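Have a look at the structure below before the remarks.
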Amino acid sequence: MASSPYYLTTPIYYVNDRPHIGHAYTTLACDVLARFHRLDGRDVHFLTGTDEHGQKVEKSATAASKDPQSFTDEVSQNFRKLAEDMNYSNDDFIRTTEERHKRAAQAIWKAIQDNGHIYLDSYAGWYSVRDEAFYAETELTKNEDGQKIAPTGAEVEWIEEPSYFFDLSKWQEPLLEFYEQNPDFIGPDSRRNEVVSFVKGGLKDLSISRTSFKWGIPVPNDPEHIMYVWLDALTNYLTAVGYPDTENSDYSKFWPADLHMVGKDIVRFHAVYWPAFLMAAGLPTPKRVYAHGWLLNKGEKMSKSLGNVVLPEDLISQYGLDPVRYYLLREVPFGNDGYISHETMAARINSDLANDIGNLAQRSLSMVAKNCDGAVPTPGPLTEADETLLSAALDVVDSARDEFDRQAFHRGLDAIWNVVGDANRYVDSQAPWELRKTDPDRMATVLYVLAETIRHLGILIQPIMPDAAAQMLDQLAIGEDARTFAHLGPAHALTAGTSLPKPAPVFPRYVDEETVS
RNA sequence: GGGCCCGUAGUUCAGCUGGUUAGAACGGACCGCUCAUAACGGUUAUGUCGCAGGUUCGAGUCCUGCCGGGCCUACCA
């Protein structure tokens with residue numbers, strides 16, 4: 001179990017988009033899970049990447065006077081930069097324009113086709129290039145110019161063309177049975193309900209090819225047709241583990257994926273179409289799809305037209321990377337929509353990070369520095385209070401694991417911060433500054449217990465705040481090879497007498513600039 | 001039109017299969033401490049648990065209706 005593989009994915013992001021806080025949020029959640037499971041000794045494969053096909057990209061490239069490939073080569077860098085800026089630990093970055101992906105997408109097409117689930121017909125309807133979706137006549141409205149527009153506001157055009165279809169309508173019952181037998185397949189529950197009721201409402205066969213543009217993966221044996229972008233895009237999850245080579249690749253180790261993390265807007269593609277495609281191709285279905293909510297800017301959905309889109313780089317430069325990582329996962333219950341704002345960010349940074357954990361480390365380690373010759377103190381016999389704190393620090397990894405496995409990041413963090421609170425209460429109740437005068441040996445024990453607690457906390461917060469955690473652990477002179485969850489507990493406890501570097505605050509308070517001046 | 005979710009202290013939210021005086025965090029007020037990043041600890045809530053009925057010995061927790069907010073989905077003339 002401890003060494004079992006763990007494969008998780010972000011959606012592949014639409015290469016045309018400018019990376020915003022929503023993209024950063026999704027991948028951050030995956031990054032935390034990836035790091036957590038690595039620390040737990042698991043063999044993790046963490047995938048992200050970009051979705052680069054489709055008519056919209058083709059048009060954007062033309063508008064920029066570039067060929068689509070060099071256009072996507074260029075703009076996909078924005079997402080690689082996001083990964084660097086946010087300190088993501090993805091093991092792979094896939095682009096759907098890569099050869100390995102073309103191979104995989106054509107292979108899954110053939111598998112579905114060979115199993116008799118694809119047929120050729122023709123499609124006619126109102127199509128929106130921007131939304132990459134067809135709309136029913138009744139859904140359309142007209143704008144001022146009399147142009148028909150989709151509910152999303154996008155322009156639509158009448159398209160009539162030959163098209164291959166996937167027999168999605170036949171998968172209603174198998175899907176419902178699949179959801180029934182895999183109650184954890186979709187999270188959170190509210191999304192699961194939605195998906196189930198959508199499928200119960202009946203499914204129509206899905207048009208899965210286009211002939212009206214070229215920028216995409218050709219249908220096997222009929223290159224006039226380009227594969228539907230979603231079939232193309234979803235298959236990236238297979239590509240990255242080596243499909244269609246199911247023998248001599250990571251496929252056998254990592255497929256089916258443990259988790260597809262998605263935003264709530266694309267849950268249908270992942271929870272309905274994707275398992276249907278896979279079942280039709282005779283492939284195993286992923287274990288879980290989790291749809292998180294939106295980050296709202298003070299209650300309003302972020303959009304270009306409102307001009308209130310929050311960019312990750314702006315948050316990072318204002319607050320620092322690790323505080324932003326912590327804030328995003330602590331402030332908003334994952335799965336719900338939630339507000340983010342400067343006020344709540346500053347409050348979290350100051351109360352949770354600076355005051356609680358940062359000050360705990362600083363007050364403890366500076367006492368060690370001043371009163372124990374700057375070395376790990378030598379503990380005497382442990383009291384009940386000592387044991388209680390140490391076991392809380394050790395046991396919380398189990399709570400965190402449970403909560404993170406359910407994608408309840410806010411709850412996992414809350415559990416860890418309970419230990420921070422315990423430790424601060426312990427300092428006050430033990431009053432080592434008094435013991436310094438009355439009972440130096442006991443003081444040494446108390447400071448040792450605190451140092452051990454901080455060691456545990458440092459190890460535990462690594463997935464969320466890798467750099468800050470490293471600083472904390474550096475201050476305890478913990479070797480980089482001694483920082484996994486296997487090192488929690490007394491077996492790897494600090495060695496008395498180890499000399500320690502001079503402590504320095506890890507989490508500075510956030511002070512508004514206006515307030516300063 | 002159908003379906004799902006939500007409405008609990010100033011704020012953000014916990015409250016599982018119904019059961020003693022409804023909880024946490026943050027903010028506020030007061031007290032304590034002084035090791036520490038003026039940080040830490042303790043004490044402190046007159047909350048009509050959206051409204052109105054109902055079931056029950058007993059409901060924030062189940063049922064019905066209504067009001068308000070969000071989401072999914074369908075659509076007639």
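Just so it is clear: chains get the letters A, B, ... in the order the sequence lines come, proteins before strands, and each one is counted from 1. Quick caveat, the model's predicted, so the values are computed rather than measured.
- The listed nucleotides are C40(B), U37(B), C35(B); the one nearest the side chain of Val427(A) is C35(B).
- Between A25(B) and G50(B), the distance separating the two P atoms is 22 Å to the nearest Å.
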Test log, rule side chain to side chain contact (heavy atoms under 4.5 Å, CB included), inputs Val309(A) and Arg18(A): CA-CA 10 Å; Val309(A) 176; Arg18(A) 177 162 185 195; over 6 Å; no
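- Using the six-membered ring where Trp is involved, Phe334(A) and Tyr290(A) have ring planes that are parallel, under 30° apart on the 30 and 60° scheme.
- Using a distance-only test at 3.5 Å, with no hydrogens or angles considered, no donor-acceptor pair links the side chain of Glu403(A) to the main chain of His410(A).
- The distance from atom CD of Gln430(A) to atom C1' of C40(B) is 14 Å, rounded to the nearest whole Å.
- Ring geometry for Trp274(A) versus Phe277(A): interplanar angle over 60°, hence perpendicular rather than tilted (30 to 60°).
- Separating the C1' atom of C49(B) from that of A45(B) is a span of 14 Å, rounded to the nearest Å.
- Residue Arg436(A) has its side chain nearest to C35(B) when only C26(B), C71(B), C35(B) are considered.
- Atom CG in Asp414(A) sits about 10 Å away from atom P in C26(B), given to the nearest Å.
- Between A59(B) and U20(B), the two P atoms lie 11 Å apart (nearest whole Å).
- The nearest heavy atom of RNA chain B to Lys204(A) and to Lys437(A) marks one nucleotide each, and the one closer to the 5' end goes with Lys437(A).
- A74(B) and A9(B) are spaced 37 Å apart, taking the P atom of each and rounding to whole Å.
- Annotation: side chain of Asp414(A) is in contact with side chain of Arg330(A) (closest heavy-atom distance under 4.5 Å).
- Below 30°, between 30° and 60°, or above 60°: for His492(A) and His487(A) the angle between ring planes is above 60°, a perpendicular geometry.
- At whole-Å resolution of the value, CG in Asn418(A) and C1' in G23(B) are 13 Å apart.
- Residue contacts for Arg348(A): at a heavy-atom cut-off of 4.0 Å it reaches no nucleic acid atom on any strand shown.
- Put simply, the side chain of Asp386(A) gets close to the backbone of Thr383(A): a donor and an acceptor are under 3.5 Å apart.
- Spacing between C16(B) and G70(B) at atom P, rounded to whole Å, works out to 26 Å.
- Counting non-hydrogen atoms of neighbouring residues, nucleotides and ligands closer than 6.0 angstrom, the CD atom of Gln181(A) exceeds 12 such neighbours.
- Taking atom P in both G23(B) and U48(B), the straight-line distance is 15 Å, to the nearest Å.
- Between G60(B) and G18(B), the distance separating the two C1' atoms is 10 Å to the nearest Å.
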- Message: Please determine whether side chain to side chain contact (heavy atoms under 4.5 Å, CB included) holds for the pair Tyr237(A) and His270(A), giving the CA-CA distance in whole Å, both sets of side-chain angles, and the decisive distance to 0.1 Å.
- Response: CA-CA 11 Å; Tyr237(A) 303 134; His270(A) 286 80; 2.7 Å; yes
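- Rounded to whole Å, the distance from CZ on Phe198(A) to P on C75(B) is 11 Å.
- When heavy atoms are screened at a 4.0 angstrom cut-off, Val195(A) is found touching no nucleic acid atom at all.
- For Tyr164(A) and Tyr228(A), the distance between ring centers is not under 6.0 angstrom.
- Look at the C1' atom in both C33(B) and A38(B): the space between them is 13 Å, to the nearest Å.
- Remark: P of U37(B) and CG of Asn424(A) are 14 Å apart, rounded to the nearest angstrom.
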B/S/- along nucleotides 3-16 of chain B (protein heavy atoms under 4.0 Å) is -S----------S-
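- Of the residues near RNA chain B, Arg425(A) and Pro508(A), the one whose nearest nucleotide (by heavy atom distance) lies more toward the 5' end is Pro508(A).
- More than 12 non-hydrogen atoms from other residues, nucleotides or ligands lie less than 6.0 angstrom from CG of Asp428(A).
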Pairs under 3.5 Å (Watson-Crick or G-U), crossing ones as [ ], inter-strand ones as |: RNA chain B comes out as (((((((..((((.....[...)))).(((((.......))))).....(((((..]....))))))))))))....
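- Between Asp402(A) and Arg406(A) there is no salt bridge, since no side-chain N of the basic residue sits under 4.0 Å from a carboxylate O of the acidic one.
- At a threshold of 4.0 angstrom between heavy atoms, the contacts of Pro432(A) with the nucleic acid are absent.
- Summarising the geometry, the separation between OH on Tyr426(A) and P on C35(B) is reported as 18 Å, rounded to the nearest angstrom.
- One can place OH of Tyr510(A) at 21 Å from P of C26(B), the figure rounded to the nearest angstrom.
- Summarising the geometry, the separation between CH2 on Trp433(A) and C1' on G32(B) is reported as 11 Å, rounded to the nearest angstrom.
- Within 4.0 Å (heavy atoms only), Arg509(A) reaches at least one base atom of the nucleic acid.
- Ring planes of Phe269(A) and Trp230(A): parallel class, angle under 30° (limits at 30 and 60°).
- Of the residues in residues 353-375 of chain A, Ala354(A), Asn355(A), Asp356(A), Gly358(A), Asn359(A), Gln362(A), Arg363(A), Ser366(A), Met367(A), Lys370(A) come within less than 4.0 Å of RNA chain B through at least one heavy atom, sorted by number.
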